[in-house]
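Notes follow once the structure below has been shown.
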Amino acid sequence: MQQQVFHPTRHQQVTAGIRDSFSAGLGIFPLGIALGLLVLQAGLPWWLTPALSLSAFAGSLELLLVGMVASATPLAAVALTVLVVNFRHVFYAFSFPLHLVRHPLAKAYAV
């Protein structure tokens, strides 16, 4: 007897992805509100909130950059801070199963 293989549709995959990530979104939502309030309280323009969220890789860096931007920190100091805060991500790669990624483009992205 042959077993049937279930192939979910794109809609089912998207629905499952939203369901699986919903709890993480609930945790990030208050952080986004805090970032927005911090930006406004620092007297910076509102559009800086989504700009920081799109450009900063680490959530903690977003909050740190608000104070640096508000106090007109020199660019070299900002760059060094970004490097130091994001350097911790290098260590996450040591446990990544790169040997399981097959497609060359996916492998380049995974690296």
Next on the checklist: Checking His11 against Thr15 for the side-chain contact (heavy atoms from CB on, under 4.5 Å) test, could you report, in this order, the C-alpha distance in whole Å, the side-chain angles of both residues, the deciding distance, and whether it holds?
Outcome noted: CA-CA 6 Å; His11 182 280; Thr15 303; 3.4 Å; yes

List the atom of [X], the atom of [Y], and the distance in Å for their closest heavy-atom pair.
X: Ala42; Y: Val66; result: CB-CG1, 4.1 Å
X: Ser53; Y: Glu62; result: CA-OE2, 3.3 Å
X: Thr49; Y: Gly36; result: OG1-CA, 3.7 Å

Under the side-chain contact (heavy atoms from CB on, under 4.5 Å) test, which residues partner [X], sequence neighbours left out?
X: Val69; answer: Leu44, Leu48
X: Phe29; answer: Ile33
X: Pro8; answer: Phe6, Gln12, Gln13
X: Thr73; answer: Met68, Ser71, Ala77, Val78

Would you be so kind as to tabulate the donor-acceptor pairs closer than 3.5 Å made by side chains of residues 98-111, with sequence neighbours excluded?
residue	atom	partner	partner atom	Å
Arg102	NH1	His99	O	2.9
His103	ND1	Leu105	N	3.1
Lys107	NZ	Val101	O	3.4

Checklist entry - What residues join Ile18 in its hydrophobic cluster, counting side-chain heavy atom gaps under 4.5 Å, either direct or through other members? => result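 So far as hydrophobic clustering goes, Ile18 is joined with Val14.
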
Next on the checklist: My understanding is that a hydrophobic cluster links ILVMFWY residues whose side chain heavy atoms are under 4.5 Å apart, including indirect links. Using that, what else belongs to the cluster containing Tyr92?
Outcome noted: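 Its cluster partners, ordered by chain and number, are none at all.
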
Checklist entry - Considering residues at least two apart in sequence or located in another chain, which fulfil the side chain to side chain donor-acceptor pair (under 3.5 Å) criterion with Ser23? => result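 Ser23 satisfies side chain to side chain donor-acceptor pair (under 3.5 Å) with no other residue.
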
Item to check | With sequence neighbours excluded, residues passing side chain to side chain donor-acceptor pair (under 3.5 Å) with Thr81 | outcome: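 None.
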
Checklist entry - Counting only heavy atoms not in Arg10, do more than 12 sit closer than 6.0 Å to its CZ atom? => result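 No, because the 6.0 Å sphere around CZ of Arg10 holds 12 heavy atoms or fewer from other groups.
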
Checklist entry - Going through the checks in order, is the side-chain contact (heavy atoms from CB on, under 4.5 Å) test met by Leu80 and Val84? => result CA-CA 6 Å; Leu80 181 63; Val84 170; 4.3 Å; yes

Checklist entry - Taking only residues at least two apart or on different chains, which pairs with a member in residues 29-42 satisfy side-chain hydrogen bond (donor to acceptor under 3.5 Å, both in side chains)? => result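 Listed by first then second residue: nothing to list.
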
Next on the checklist: According to ring pair (Phe, Tyr, Trp, His ring centres under 6.0 Å), does anything in residues 32-55 pair up with another residue at least two apart or in another chain? List the pairs.
Outcome noted: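 Matches after skipping sequence neighbours: none remain.
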
Item to check | Same apolar cluster (I L V M F W Y, side chains within < 4.5 Å links), Leu31/Leu52 | outcome: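 Hydrophobic grouping puts Leu31 with Leu52.
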
